[in-house]
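Remarks on the structure that follows.
Throughout, protein chains are lettered first and strands after them, A, B, ... in sequence-line order, and every chain is numbered starting at 1. Computed from a prediction, not measured in an experiment: that's the story for all the values here.
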Number of protein chains: 2
Amino acid sequence: MKWSEIGGTPCSVARALSVVGDRWVLLVLREAFMGVRRFEDFRSRTGMSRRVLAERLTALVEEGVFERRAYSDRPERFEYRLTAKGRDLYPVLVALLNWGDHWMADEEGPAVELVHDPCGATVHPVQTCPRCGQAIDPRAMTPVLKRDLRAT
Amino acid sequence: MKWSEIGGTPCSVARALSVVGDRWVLLVLREAFMGVRRFEDFRSRTGMSRRVLAERLTALVEEGVFERRAYSDRPERFEYRLTAKGRDLYPVLVALLNWGDHWMADEEGPAVELVHDPCGATVHPVQTCPRCGQAIDPRAMTPVLKRDLRAT
DNA sequence: CGGTATCCCATTTGATACTG
DNA sequence: CAGTATCAAATGGGATACCG
């Protein structure tokens, strides 16, 4: 299977990956959640080449993850803002951050900490069951297959 | 910046991505969480080529995400089992699944559903604050930068 | 079954230059 | 600042064959 066909799969994970399953895209999203909106800021903070950044931003706008809007008319200048669809990717980034903090840490401690404004605590968010409120343990979850994941 | 240097960054997201920031790797993990352990099963269920799969599995074993162990001596046969480090990637996969279910769905409904065994409910797990228990809203989170994300 | 070895094409990307 | 154009180099990946 070629990667370009992966989005046509019925699996939601694969479909999600067809949009955000790219190293650079995730790095761009990291910056977006840190408040970055402009091309040059994305570029300098991630270290991506212009070419790659331009291409990824275009694709993400097409996918509806970012909205491109002018913030200046003369000269024309654009910025990229997360849409609701884009904002919903927050849990993905947080999950990666948590895992990196736990398993890829060094002695100097994490570079970014997350403060939950309502309660003021510095936290690592946890996934819980919306029904019973318990923290999720992978071994207590049963995946139920409804369709062949490879079908078109 | 080249991608190969990204793991040397102090950002936990980037470090996590240096291990799992690959399309195929995430697909392999998806299968692992569905109970798959053997080479041929990974291959047929993801549609990857042998070459790519072998390479990714080797790398993941080196990173400590999978453990390679013999399940038969004669002939010698191996299987790949998630380690604790690997199991901790579950929230990443679930976050992707949730997002895909919500934003990339089709009329036929999700291909995979998650049942929370303890309460028996089919759920989309949610991220909550471990301190106050509230569901996480990205806009209620403040990222606090402790170090330059691009430093070595 | 569980890989490894080879070959070769397609895509990606980093560098650099250029533009409104 | 916010890109686009171009090109050479590297990488990735499919196909196929082979082996214990």
Side-chain angles (χ1 to χ4, degrees), chain A residues 1-9 14 17-28 31-32 35-62 66-82 150, chain B residues 1-9 14 17-28 31-32 35-62 66-82 150:
Chain A
M1 180 181 313
K2 301 196 174 175
W3 184 257
S4 49
E5 302 163 18
I6 214 69
T9 269
L17 290 176
S18 75
V19 178
V20 299
D22 175 275
R23 307 129 137 55
W24 296 119
V25 165
L26 269 318
L27 239 37
V28 165
E31 294 304 327
V36 171
R37 293 178 177 176
R38 301 187 185 173
F39 191 92
E40 195 49 34
D41 292 333
F42 280 119
R43 216 202 50 77
S44 64
R45 296 174 57 119
T46 60
M48 306 167 66
S49 70
R50 309 181 149 286
R51 194 154 130 60
V52 174
L53 176 57
E55 183 192 315
R56 298 297 195 277
L57 285 174
T58 301
L60 288 168
V61 167
E62 262 167 32
F66 281 108
E67 180 192 0
R68 183 173 188 260
R69 69 158 71 163
Y71 68 88
S72 158
D73 278 342
R74 186 164 302 111
E76 252 196 340
R77 293 278 182 270
F78 297 93
E79 62 180 8
Y80 298 84
R81 310 177 69 131
L82 288 169
R150 295 200 57 188
Chain B
M1 181 182 314
K2 302 197 174 173
W3 182 258
S4 49
E5 303 163 18
I6 214 69
T9 269
L17 291 175
S18 73
V19 178
V20 299
D22 175 276
R23 307 126 138 54
W24 297 119
V25 165
L26 269 318
L27 240 37
V28 166
E31 295 304 328
V36 172
R37 293 178 176 176
R38 300 187 186 173
F39 192 93
E40 196 48 35
D41 292 334
F42 281 120
R43 214 200 53 75
S44 65
R45 296 173 58 117
T46 60
M48 305 166 65
S49 69
R50 308 179 151 289
R51 192 158 130 59
V52 174
L53 176 57
E55 181 193 316
R56 297 295 196 278
L57 284 175
T58 301
L60 288 168
V61 167
E62 261 166 33
F66 280 109
E67 180 191 1
R68 184 172 188 258
R69 70 158 70 164
Y71 68 87
S72 157
D73 277 343
R74 184 166 301 108
E76 253 198 338
R77 292 279 182 268
F78 296 94
E79 63 180 8
Y80 297 84
R81 311 177 68 131
L82 287 169
R150 295 201 55 192

Using whole Å, report how far [atom1] of [X] lies from [atom2] of [N].
{"X": "B/Leu53", "N": "C/dC1", "atom1": "CG", "atom2": "P", "value": "13 Å"}
{"X": "B/Ile6", "N": "C/dG14", "atom1": "CD1", "atom2": "P", "value": "10 Å"}
{"X": "B/Phe66", "N": "C/dG3", "atom1": "CZ", "atom2": "P", "value": "12 Å"}
{"X": "B/Phe78", "N": "C/dG3", "atom1": "CZ", "atom2": "P", "value": "7 Å"}
{"X": "A/Arg56", "N": "C/dG14", "atom1": "CZ", "atom2": "C1'", "value": "13 Å"}

- line: So CD of B/Glu31 and OG of B/Ser44: to nearest 0.5 Å the spacing works out to 8.5 Å

query: How many angstroms lie between atom CG of B/Leu27 and atom CZ of B/Arg45, to the nearest 0.5 angstrom?
result: 11.0 Å

- prompt: Which heavy atom in A/Phe39 sits nearest to a heavy atom in A/Leu57, and how many Å separate them?
  reply: CD1-CD1, 3.8 Å

- request: Heavy atoms only: give me the nearest A/Gly7-A/Ser18 pair and the separation to one decimal.
  value: CA-CB, 3.7 Å

field: Heavy-atom side-chain contact between A/Arg23 and B/Ile6 under 4.5 Å
entry: no

query: Any side-chain heavy atom of A/Leu60 sitting closer than 4.5 Å to one from A/Tyr80?
result: no

query: Tell me, which of residues 39-52 of chain A have any heavy atom that sits under 4.0 Å from an atom in DNA chain D?
result: A/Phe39, A/Glu40, A/Arg50, A/Arg51

message: Does anything in residues 17-25 of chain A come within less than 4.0 Å of DNA chain D? Heavy atoms only, and list the residues if so.
response: none

- prompt: Checking A/Arg56 against A/Phe42: charged group under 6.0 Å from the ring centre and within 45 degrees of the axis?
  reply: no

statement: By salt bridge (Lys or Arg N to Asp or Glu O under 4.0 Å), B/Arg43 pairs with (sequence neighbours left out) B/Glu40

message: Test your reading of the model: is there a side-chain donor-acceptor pair from A/Arg77 to the backbone of A/Ser72, 3.5 Å cut-off?
response: no

- prompt: Short question: side chain of A/Arg37, backbone of A/Glu79 - any donor-acceptor pair under 3.5 Å?
  reply: no

field: Bend angle of the helix from C/dC1-D/dG20 to C/dG20-D/dC1, end axes from five pairs each (to 10°)
entry: 50°

task: Provide the start and end nucleotides, 5' to 3', of the part of DNA chain D that has atoms under 4.0 Å from heavy atoms of chain A.
output: D/dC1 to D/dG14

- line: A/Glu55 meets the side-chain hydrogen bond (donor to acceptor under 3.5 Å, both in side chains) criterion, sequence neighbours left out, with none

message: Pair A/Leu53, A/Thr46 - check side chain to side chain contact (heavy atoms under 4.5 Å, CB included), show working.
response: CA-CA 9 Å; A/Leu53 176 57; A/Thr46 60; 5.7 Å; no

